[in-house]
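Note sheet for the following structure.
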Amino acid sequence: MAHTPPVISIVDDDPSVRRALHRLVQSAGYTGETFASAGEFLDSSPLGRTACLVLDIHLGTTTGFDLEEQLAAYRAAIPIIFITARDDAATRERARRSGAAGYLPKPFEGLALLDTLGSVTAQALPGPVSTDSSLSDGGRDARSTAVNVSGSVNELTDGTVRSGDAAMRGGMALYRKSRPRRSCQ
C-alpha cells in the first residue's frame with residue numbers, strides 16, 4: 001500500500017527563502033506547499049492536509065505568532081517549526097511557550113530542518129521510525145542521513161544536502177541584502 005508523502009506548508013514572505021525551503025523539503029521526499037503570507041495560507045484551506053508548518057515569525061503586516069494563535073483558536077493541531085532572521089531571547093521564549101515543534105534562527109543548515117521535520121512526521125505517522133546511528137561530532141553524516149517519510153526511508157545524497165544548504169545560504173544572503181539595516185541608537 002503506497003503512502004502519500006506528508007505535506008509541509010512553508011510560510012515566508014521572502015520568495016528566495018520559500019523557493020529554497022521548498023526545494024529542500026521536496027528533495028527529502030515530502031510534498032511542499034509555499035505561501036507568501038498568513039492570509040494566503042489560511043485562504044488555501046491547507047489545515048486538513050498539512051503535516052507540519054514551517055513558519056517565518058516576521059511576515060510583514062502580521063507575524064507567525066499571530067498565525068499560530070489563529071490556528072490555536074481554530075483548534076488546528078498542526079506542528080509548527082518557527083524560523084526567524086531576528087533571533088533574540090524573547091522570541092525564543094515565546095516560541096517555546098507556544099509549544100512549537102522547533103525553532104531555527106536563520107541562516108540554518110538544511111539538515112537541522114530535515115531532522116526536525118523527520119521527528120515531527122515520524123510522531124504523526126504509523127510505521128517504523130528510521131534511526132541513524134552514524135553520528136559524528138554531534139551531527140549527522142550528510143552522506144548517510146535518512147528521513148522517515150510515510151514509513152519508507154529516502155536517502156539524501158551528500159550533493160542533495162549540500163545543494164539544499166547552498167540554496168538556503170543563497171536565499172538568506174538575498175534576504176539580508178533586501179532588508180533595510182537598522183542602527184542601534
Side-chain angles (χ1 to χ4, degrees), residues 4-71 74 76 78-88 91-92 94-95 98 100-118 120-121 142 145 147 149 154 156-183:
T4 305
V7 174
I8 308 303
S9 294
I10 300 159
V11 180
D12 196 303
D13 58 345
D14 186 295
S16 60
V17 172
R18 278 196 315 273
R19 199 169 30 258
L21 289 174
H22 185 259
R23 286 184 195 140
L24 182 65
V25 300
Q26 293 279 114
S27 74
Y30 297 102
T31 299
E33 295 183 343
T34 61
F35 306 94
S37 68
E40 188 178 309
F41 173 77
L42 291 171
D43 290 345
S44 74
S45 302
L47 300 182
R49 67 179 182 267
T50 298
C52 186
L53 176 60
V54 178
L55 180 58
D56 189 19
I57 292 175
H58 302 284
L59 295 168
T61 60
T62 189
T63 70
F65 292 128
D66 295 334
L67 177 56
E68 181 269 330
E69 289 170 1
Q70 282 183 287
L71 293 174
Y74 295 152
I78 300 172
I80 298 174
I81 300 171
F82 284 111
I83 59 175
T84 185
R86 299 180 211 162
D87 179 36
D88 59 47
T91 303
R92 286 189 302 274
R94 185 162 180 196
S98 77
Y103 177 90
L104 298 170
K106 296 176 185 176
F108 51 84
E109 294 293 321
L111 281 177
L113 178 61
L114 294 179
D115 283 346
T116 306
L117 285 173
V120 169
T121 58
T145 298
V147 177
V149 179
N154 294 323
L156 300 177
T157 65
D158 191 28
T160 302
V161 172
R162 268 196 251 123
S163 66
D165 285 342
M168 277 303 303
R169 283 190 300 277
M172 291 313 303
L174 289 172
Y175 175 83
R176 284 198 269 335
K177 287 179 185 176
S178 69
R179 299 288 185 207
R181 298 210 182 253
R182 294 189 177 138
S183 63

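Values in this document were obtained by computation on a predicted structure and should not be read as measured data.
- Between the side chain of T91 and the backbone N or O of D87, no donor-acceptor pair lies under 3.5 Å.
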**Prompt:** Are T63 and D66 close enough, and set up right, to give a side chain to side chain contact (heavy atoms under 4.5 Å, CB included), and what steps lead you there?
**Reply:** CA-CA 5 Å; T63 70; D66 295 334; 3.2 Å; yes
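- Contact between T50 and S9 at its shortest, heavy atoms only, is OG1-OG, 2.8 Å.
- A pairwise comparison of heavy atoms in G60 and D13 identifies N-OD2, 3.6 Å as the closest pair.
- Each of I10, I8, L113 was checked for a side chain to side chain contact (heavy atoms under 4.5 Å, CB included) with L24, and the lone residue meeting it is L113.
- The two residues Y103 and A95 make their nearest non-hydrogen contact at CD1-CB, 3.6 Å.
- Of the possible donor and acceptor atoms, none in the side chain of D115 sits under 3.5 Å from a partner among the backbone N and O of A112.
- Considering CD of E68 and CD of Q70, their distance stands at 10.5 Å, rounded to 0.5 Å.
- Checked for salt-bridge contact, D12 and K106 meet the test: a charged N lies under 4.0 Å from a carboxylate O.
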**Prompt:** What do the steps show when you test S37 against T62 for side chain to side chain contact (heavy atoms under 4.5 Å, CB included), and what is the final call?
**Reply:** CA-CA 8 Å; S37 68; T62 189; 5.8 Å; no
**Item:** side chain to side chain contact (heavy atoms under 4.5 Å, CB included) between V54 and I83, intermediate numbers included
**Value:** CA-CA 7 Å; V54 178; I83 59 175; 4.0 Å; yes
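- Rounding to the nearest 0.5 angstrom, the gap separating the OG1 atom in T84 from the CZ atom in R92 is 10.5 Å.
- The CZ atom of F82 sits 8.0 Å away from the CG atom of L53 when rounded to the nearest 0.5 Å.
- Distance alone, capped at 3.5 Å, places no donor-acceptor pair between the E33 side chain and the V7 backbone.
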